[in-house]
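Worksheet: one structure, shown below.
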Amino acid sequence: MTSNAEAAEIFLSIADLLDLLGEKFKPEAYRRAARSIESLTEDLGAVAARGELRTIPGVGEAIAEKIEEYLKTGTIPYYERLKHEVPPGLVELMRLPGIGPKTARRFWVELGVEGPGELRDAIAKGRLNGLKGFGEKKIEQIRSALGDPAAAPKGGRRPIEEVYPIARGLVAGLRKGADVEQVEVAGSFRRCRETVGDLDILVTSKDPARVFDVFTGLPLVAEVKMRGGTKETVLLQDGLQVDLRVVKPEEFGSALVYFTGSKDHNIRLRSLAQDQGLKVNEYGVFRGDVRVAGATEKDVYASLGLAWIPPELREDRGEIDRAAQGKLPVLVAPTDLRGDLHVHLPPDARAELVDRLVADARARHLEYLGVVVAGPAPDGTTWTLSKDTRERLGTPGRSSLRLFRVLEVGFGEIPPALASVEHDYRILRPTLAAPGPSAGTKATGPSLLIAHVGSSVVSDGRALAPWLEVARTLGTALEVGPGAERLDSSAARQALESQRRLHLPTGVGGPTDDPTGAIALGFAHRAAATAHEVVNARPAGELSIGAAGPPRPPEGRSHGRRKARPGTTRAA
DNA sequence: GCCGTTTTCGGCCCGACTGTTTTCAGTCG
């Protein structure tokens, strides 16, 4: 069994091992290839079958060859060889905070230390004393990293929906307590990646010291790891690391670009700048010593001849070329959403709850709601909305809000208990088993279907394919957003590539701090979805879920495909 | 190892911070 994720893992491991062997540029080359492979929307095998491995950014002759080996045999001889050269414990050492490849390598070469246990011994025996570059503090730092496994997680990403309320809380705390002008959470959080490793918060303020004081005093903050003049790093109580940076107003835009990333996007921006005789860093865009942009992101991109690029697209997947050509897609905006076809109410919903839902929908200028009137309860039984609730929903007063009745069912026959429930639309909630050949064929009838497919099913590109086929046959849209039952952004991109429309949940009627709607929109942006490709961006009278127009090509490098050099088959 | 529409060789992002340093190396993001 091979997979993109596993291949990416292997290349990351190769990079670590090369680091430990003291290689200079190869590790970064392997990491870049790993990042590209990981963000691929297509199975590596399929790319290889077309002979297009080398169109993947960062994949050249040598790595393409290794991918072929991996696909054929499930392993890479070069990797196996490296593993024999480097003791496995060294990789563990390198993952400890404060120890990088150079330091781990020195322990290995100079002290014969091959892992955490041996390093602990070496420290206890005083073998680090007198070693050049190792003073008391450094040794103590390493000792505590070795003794404290909780200090180890350099990695450990968590789902964005989990981090969302934390980020909001921190921003609110800063706004309330300190004299801050602009505040923005950057990093992969801003790009709305499915998982977030840490938070990067940028602020402008006339009083940085006060900002740090306020921040340190926030209840969520457990420990200050580092504090300088412009930057503070803290650990929250749950272990999440947060970097706070105070920047000057004239630098805010360039800092935001820089810290929003992605890394590959930034690298490409800089090389584009170099071509134009410009230099980009977090302080601005410079021609010589003259700042030509920096205060806003728009200025920064404009100074490079680019349209502003939405954060969710900044992954070096051709967005920079598109921005240069003025061909960026117009992404679906919150104001494009005209309804929400997937709203749940408990069967015994109190009147206030129903009224609040309707009021919230109006406040958001939604034109219609699809309320689930019947469906499966968590205990496996079925439930239907109470008569009271239905009547209350059915009398939206003078508002023009239109209501649809939605039935939520699995694939196949409608259960007898629900057969008599009147409905306008259906939501299909597939079981986690792969759909069979005849799955869903009975689910015809009312015009509009939304599949509620688990991303646990679809996280692997190949597992999604049969679902997309079913969705195509039935003409359903697919719901995108956070949580195990919706498509993540990569699955959403594939759905769009197979001409499916998306449904975006809005969180209407839910708690005000519910991030579902914002994250769903972010995922849709990562998939480069336009309003035309979102079913609930259509007016109530024109709801149709069929194909979203002409097929879109898979994303990739847009700047021409490089031809493989003939006759230069050099090994790594 | 990758990359390039001025390059097939010679670059490879770059700055803050820390600790150990009389000028810098390593880590981190």
Side-chain angles (χ1 to χ4, degrees), chain A residues 11 14-15 18-19 22-36 53-67 78 93-107 128 130-142 145 154-155 186-188 197-200 202 224-233 241-247 251 254-255 257-277 279-284 286 316 321 557 559-568 570-572:
Chain A
F11 287 125
I14 290 178
L18 290 171
D19 253 338
E23 286 282 355
K24 200 86 180 79
F25 295 104
K26 287 186 192 182
E28 211 30 57
Y30 277 99
R31 290 200 178 94
R32 174 157 160 67
R35 285 195 299 271
S36 288
L53 282 177
R54 295 189 57 182
T55 64
I56 300 169
V59 174
E61 191 176 310
I63 292 183
E65 229 170 78
K66 291 180 179 66
I67 294 174
Y78 178 63
L93 280 186
M94 199 178 79
R95 297 203 189 290
L96 293 173
I99 300 183
K102 300 261 174 52
T103 308
R105 182 172 165 76
R106 281 193 63 195
F107 290 150
L128 266 65
L131 205 61
K132 200 170 172 231
F134 288 87
E136 219 174 283
K137 275 185 158 178
K138 187 86 198 164
I139 292 175
E140 185 45 45
Q141 190 192 350
I142 292 170
K154 285 180 187 173
S188 54
D198 61 6
L199 287 175
D200 290 291
L202 287 183
V224 177
K225 272 182 80 178
M226 191 270 289
R227 179 163 168 178
T230 62
K231 176 186 171 184
E232 180 174 64
T233 299
Q241 179 170 312
V242 184
D243 294 336
L244 176 67
R245 290 180 169 82
V246 180
V247 303
E251 299 168 349
S254 44
V257 170
Y258 184 85
F259 290 109
T260 297
S262 65
K263 186 174 178 170
D264 291 329
H265 177 88
N266 286 352
I267 288 172
R268 194 168 285 273
L269 271 189
R270 286 196 209 96
S271 88
L272 182 72
Q274 273 178 359
D275 293 346
Q276 303 176 21
K279 191 178 111 173
V280 184
N281 56 29
E282 61 258 58
Y283 303 106
F286 299 89
D316 188 26
D321 289 342
R557 288 200 292 201
H559 45 90
R561 287 192 168 142
R562 212 155 42 91
K563 287 191 283 289
R565 247 181 299 165
T568 50
R570 199 181 45 222

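Here is the naming used below: chain letters follow the sequence lines, and residue numbers restart at 1 for every chain.
- Residues A:D316 and A:R35 form no side-chain contact, since every pair of their non-hydrogen atoms from C-beta on lies 4.5 Å or further apart.
- Comparing the C1' positions of B:dG10 and B:dG15 gives an interatomic distance of 24 Å, to the nearest angstrom.
- Considering CD1 of A:I99 and CZ of A:R105, their distance stands at 15.5 Å, rounded to 0.5 Å.
- For B:dC13 and B:dT18, the P atoms lie 25 Å apart once the distance is rounded to whole Å.
- Residues passing the ring pair (Phe, Tyr, Trp, His ring centres under 6.0 Å) test with A:Y258, sequence neighbours excluded: none.
- Atom C1' of B:dG19 sits at a distance of 14 Å from the matching atom of B:dT23, rounded to the whole Å.
- Across B:dT22 and B:dG26, the matching P atoms stand 15 Å from one another, rounded to whole Å.
- The residue A:Q241 sits close only to the backbone: its heavy atoms come under 4.0 Å of sugar-phosphate atoms, none of a base.
- Side-chain atoms of A:S36 never come within 3.5 Å of backbone atoms of A:I56 as a donor-acceptor pair (strictly under, hydrogens ignored).
- An anti base is found at B:dT20: its glycosidic angle is more than 90° from 0.
- Comparing B:dT20 with B:dA25, their P atoms sit 16 Å apart, to the nearest whole Å.
- Remark: the backbone N or O of A:G284 is paired with a side-chain donor or acceptor of A:N281 at under 3.5 angstrom.
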Can you give one letter per nucleotide of nucleotides 12-22 of chain B, going 5' to 3': B for a protein heavy atom under 4.0 Å from the base, S for sugar-phosphate only, - for none? BBBSSSSSS--

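- Considering only heavy atoms from C-beta on, A:F134 comes within 4.5 Å of A:R106 through its side chain.
- Here B:dT8 sits opposite no nucleotide as a Watson-Crick or G-U wobble pair (both hydrogen-bonding atom distances under 3.5 Å).
- Under the 4.0 Å criterion applied to side-chain N and carboxylate O atoms, A:K137 and A:E140 are not assigned as salt-bridge partners.
- Contact annotation for A:P101: backbone-only contact, meaning every heavy-atom pair under 4.0 Å involves sugar-phosphate atoms and none involves a base.
- Taking atom P in both B:dA16 and B:dT8, one finds a spacing of 35 Å when rounded to whole Å.
- When the side-chain nitrogen and oxygen atoms of A:T233 are compared with OP1 and OP2 of B:dC28, none of them lie within a distance under 4.0 Å.
- Across B:dG11 and B:dT7, the matching P atoms stand 16 Å from one another, rounded to whole Å.
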